[in-house]
Amino acid sequence: MENTLQRVGVIGGVRIPFCRNNTAYADVGNFGMSVKVLGALVERFGLHGVELGEVAMGAVIKHSSEWNLAREALLSSGLAPTTPGITTARACGTSLDNAIIIANKIATGQIEAGIAGGSDTTSDVPIVYSQRLRKRLLAVNRAKTPMEKLKTAVRGFSLSELKPSFPGVAEPRTGMSMGDHCEKMAKEWHIGRQEQDRLALESHHKLGTAYETGFFEDLVVPFRGLKRDGFLRPDTTMEKLAALKPAFDKSSGLGTLTAGNSTGLSDGAAAVLLASEAWAAKRGLKIQAWLRDAEVAAVDFVHGEGLLMAPTVAVPRMLARHGLTLQDFDFYEIHEAFAAQVLCTLRAWESADYCKNRLGLDAPFGSIDPARLNVHGSSLAVGHPFAATGARIVATLAKLLEQKGSGRGLISICTAGGMGVTAILERN
Ligand SMILES: CC(=O)SCCNC(=O)CCNC(=O)[C@H](O)C(C)(C)COP(=O)(O)OP(=O)(O)OC[C@H]1O[C@@H](n2cnc3c(N)ncnc32)[C@H](O)[C@@H]1OP(=O)(O)O
């Protein structure tokens with residue numbers, strides 16, 4: 001038995017405009033947003049009634065009723081109902097991981113084509129009640145007679161059982177939010193407020209320009225009256241950003257992360273179509289770029305490593321397999337969870353000490369050309385519906401490479417739980 005790996009092409013992606021929570025998509029939810037982006041891909045690439053090998057979708061914040069989100073959404077998308085779906089989650093890396101899942105299946109010949117995507121809502125979050133109340137409700141449900149139900153409902157009932165528990169952005173092992181962790185990283189790597197604000201400002205300006213020049217015309221499908229991302233502020237200035245108060249370290253006087261240089265709580269969805277060369281050719285579809293390789297790493301943030309530093313580990317490991325250096329890229333798409341996360345990552349790669357002692361490299365991994373970083377803006381200006389960000393980035397980078405004609409792009413996404421998901425796209 002022989003396995004011949006085949007190349008995996010990115011055909012193209014779409015997303016709905018991302019927006020602030022409790023605004024345009026407040027009553028849509030993961031299902032509605034996922035159906036919208038899958039339907040848009042079906043429309044764009046003529047996939048009505050087509051059976052794909054797999055649809056991998058995910059959401060980080062989802063209701064228990066959405067356990068089969070991918071399959072349920074594809075059944076309303078126009079794809080053939082015989083298309084299977086898998087629902088996944090790896091925090092902010094979810095839909096890049098889904099692209100990797102689909103790519104691996106295509107590469108090994110298990111499937112010919114598939115869709116990777118994700119959605120998230122911070123408007124309609126699952127609210128959980130106490131275990132005591134849940135047990136009581138299940139017992140009421142099991143009770144056979146109305147009298148037995150009533151007695152089970154009221155026996156020993158205490159009002160405290162009604163106290164709801166809301167999902168948060170705190171790490172279960174540290175109790176600290178992502179922002180608290182990133183603030184700690186910023187202090188450790190001496191990342192100043194001004195450089196964070198500068199990165200945020202540039203993200204807004206670059207995204208604004210990309211909309212003006214039509215880059216997103218086929219990538220962003222209007223939804224619920226929105227044509228552009230709700231977070232976009234092309235008119236923001238360093239002065240406005242400097243006036244914002246620290247959002248996490250509020251009292252020490254040393255806090256540098258603000259609402260302006262952190263991603264906002266977002267709603268949105270994105271999806272991307274991947275396929276083998278033969279499948280694409282058969283359907284007359286062009287390949288924008290090849291998904292060449294991927295790597296996932298984790299850091300020990302419980303015992304002192306920076307929570308969002310895992311991409312610093314994953315990228316050198318991935319590049320070493322191909323004899324590539326950090327400088328061998330035309331585009332760098334580094335997810336802007338916080339401006340400080342991007343800046344800590346870049347600083348770590350420049351640090352001889354970190355590269356030797358943590359990454360095991362003989363020399364610093366080095367610097368990148370800032371003009372090649374997030375050239376059309378990133379999550380600070382676009383927004384960050386956790387599970388949608390990876391597919392957004394794959395679609396953006398594939399189109400950038402198609403427009404350039406040839407070249408190589410690096411994707412780096414940090415996630416909750418101290419993980420990093422990274423990948424290489426290439427066009428030649
Ligand atoms: C792996 C990962 O990706 S980790 C990342 C995961 N994501 C997170 O953890 C989410 C982090 N973000 C948050 O928790 C929240 O968005 C916060 C705490 C940072 C900010 O929350 P809020 O205070 O509700 O933000 P809000 O949108 O109201 O903005 C606060 C103020 O800043 C202003 N502001 C925000 N961005 C800008 C900007 N770019 N330019 C100018 N002003 C701005 C707003 O207008 C607002 O001003 P106002 O109070 O006068 O109305």
Side-chain angles (χ1 to χ4, degrees), residues 18-23 60-61 89-97 118 120-123 125 166-171 174 176-186 193 196-208 229-250 255-268 296 298-299 301 306-311 314 334-342 344-345 377-390 392-393 412-422:
F18 294 171
C19 67
R20 193 171 296 279
N21 64 351
N22 300 313
T23 58
V60 178
I61 312 263
R90 196 204 292 275
C92 311
T94 299
S95 55
L96 179 55
D97 248 300
D120 251 299
T121 170
T122 45
S123 298
V125 298
F166 297 90
V169 280
E171 279 294 330
T174 62
M176 289 162 64
S177 71
M178 307 282 139
D180 293 331
H181 272 283
C182 195
E183 185 76 76
K184 208 170 142 211
M185 283 162 43
R193 166 76 182 266
Q196 294 176 46
D197 286 350
R198 169 82 46 206
L199 194 116
L201 180 84
E202 284 169 1
S203 192
H204 285 278
H205 288 178
K206 289 187 282 192
L207 182 68
D229 307 299
F231 289 96
L232 173 59
R233 295 172 188 247
D235 57 345
T236 195
T237 61
M238 282 299 277
E239 291 68 34
K240 285 181 189 168
L241 286 162
L244 300 175
K245 293 200 169 66
F248 299 99
D249 179 359
K250 295 180 181 167
T256 55
L257 273 67
T258 68
N261 59 39
S262 308
T263 47
L265 294 167
S266 318
D267 297 347
V296 180
V299 290
F301 69 96
L307 177 77
L308 305 177
M309 295 299 279
I334 304 184
H335 157 52
E336 296 169 341
F338 302 90
Q341 191 282 334
V342 177
C344 287
T345 298
S378 183
S379 308
L380 289 169
V382 178
H384 174 39
F386 313 118
T389 289
R392 167 185 76 75
I393 293 178
S412 161
I413 299 182
C414 60
T415 86
M419 296 180 285
V421 188
T422 62

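Start at 1 and go down the list; that is how both ligands and their atoms are numbered.
At least one N/O-N/O distance between Thr263 and ligand 1 falls below 3.5 Å. When only interatomic distances are considered, the shortest N/O to N/O separation between Thr258 and ligand 1 does not fall below 3.5 Å. Considering backbone and side-chain N/O atoms, Arg20 comes within less than 3.5 Å of an N/O atom of ligand 1.
The minimum heavy-atom distance linking Phe301 with Glu171 is given by the pair CZ-OE1, 3.6 Å. Minimum interatomic distance between Thr236 and His205 (heavy atoms only, all atoms of both residues): O-NE2, 3.4 Å. Summarising the geometry of Arg233 relative to Arg20, their closest heavy-atom pair is NH2-NH2, 3.9 Å, with the distance given to 0.1 Å. Taking all atoms of both residues into account, the shortest heavy-atom contact from Thr263 to Ala337 is OG1-O, 2.9 Å. Among all heavy-atom pairs drawn from Phe231 and Gly383, the shortest one is CD1-CA, 3.5 Å.
Checked options Asn261, Asp197, Thr258; the residue passing with Leu244 is Thr258 (criterion: side-chain contact (heavy atoms from CB on, under 4.5 Å)).
Within the 4.0 Å cut-off (strictly below), a protein heavy atom is located near atom 42 (N) of ligand 1. At least one protein heavy atom sits closer than 4.0 Å to atom 3 (O) of ligand 1. For atom 21 (O) of ligand 1, the nearest protein heavy atom is 4.0 Å or more away. Of the protein's heavy atoms, at least one falls inside 4.0 Å of atom 7 (N) of ligand 1. Distance check on atom 11 (C) of ligand 1: some protein heavy atom falls below the 4.0 Å cut-off.
Residue contact check: Phe386 has heavy atoms under 4.0 Å from atoms 6 (C), 7 (N) of ligand 1. The contact set between ligand 1 and Gly264, taken as ligand atoms under 4.0 Å from a residue heavy atom, comprises 16 (O). Below 4.0 Å from some heavy atom of Thr236 lie the following atoms of ligand 1, by number and element: 38 (C), 39 (N), 40 (N), 41 (C).
Remark: the Asn21 side chain and the Asp267 side chain contain no N/O donor-acceptor pair separated by less than 3.5 Å.
Of the protein's heavy atoms, Leu244 CD2, 4.8 Å lies nearest to atom 47 (O) of ligand 1. Remark: minimum distance from atom 38 (C) of ligand 1 to any protein heavy atom is reached at Arg233 CD, 3.3 Å. Here the heavy atom of the protein found nearest to atom 14 (O) of ligand 1 is Phe248 CZ, 4.1 Å. Here the protein heavy atom with the shortest distance to atom 29 (O) of ligand 1 is Ala259 CB, 3.4 Å.
Between Ser262 and Phe248, some side-chain heavy-atom pair lies under the 4.5 Å cut-off.
Under 4.0 angstrom from ligand 1, there are no non-hydrogen atoms of Gln341. Residue Cys92 touches ligand 1 through its side chain alone, judged by heavy-atom distances below 4.0 Å. At a heavy-atom distance under 4.0 Å, only backbone atoms of Thr415 (N, CA, C or O) approach ligand 1. With a 4.0 Å heavy-atom cut-off, ligand 1 is reached by no atom of Leu257.
Partners of Asp249 by salt bridge (Lys or Arg N to Asp or Glu O under 4.0 Å), not counting sequence neighbours, listed by chain and number: Lys187.
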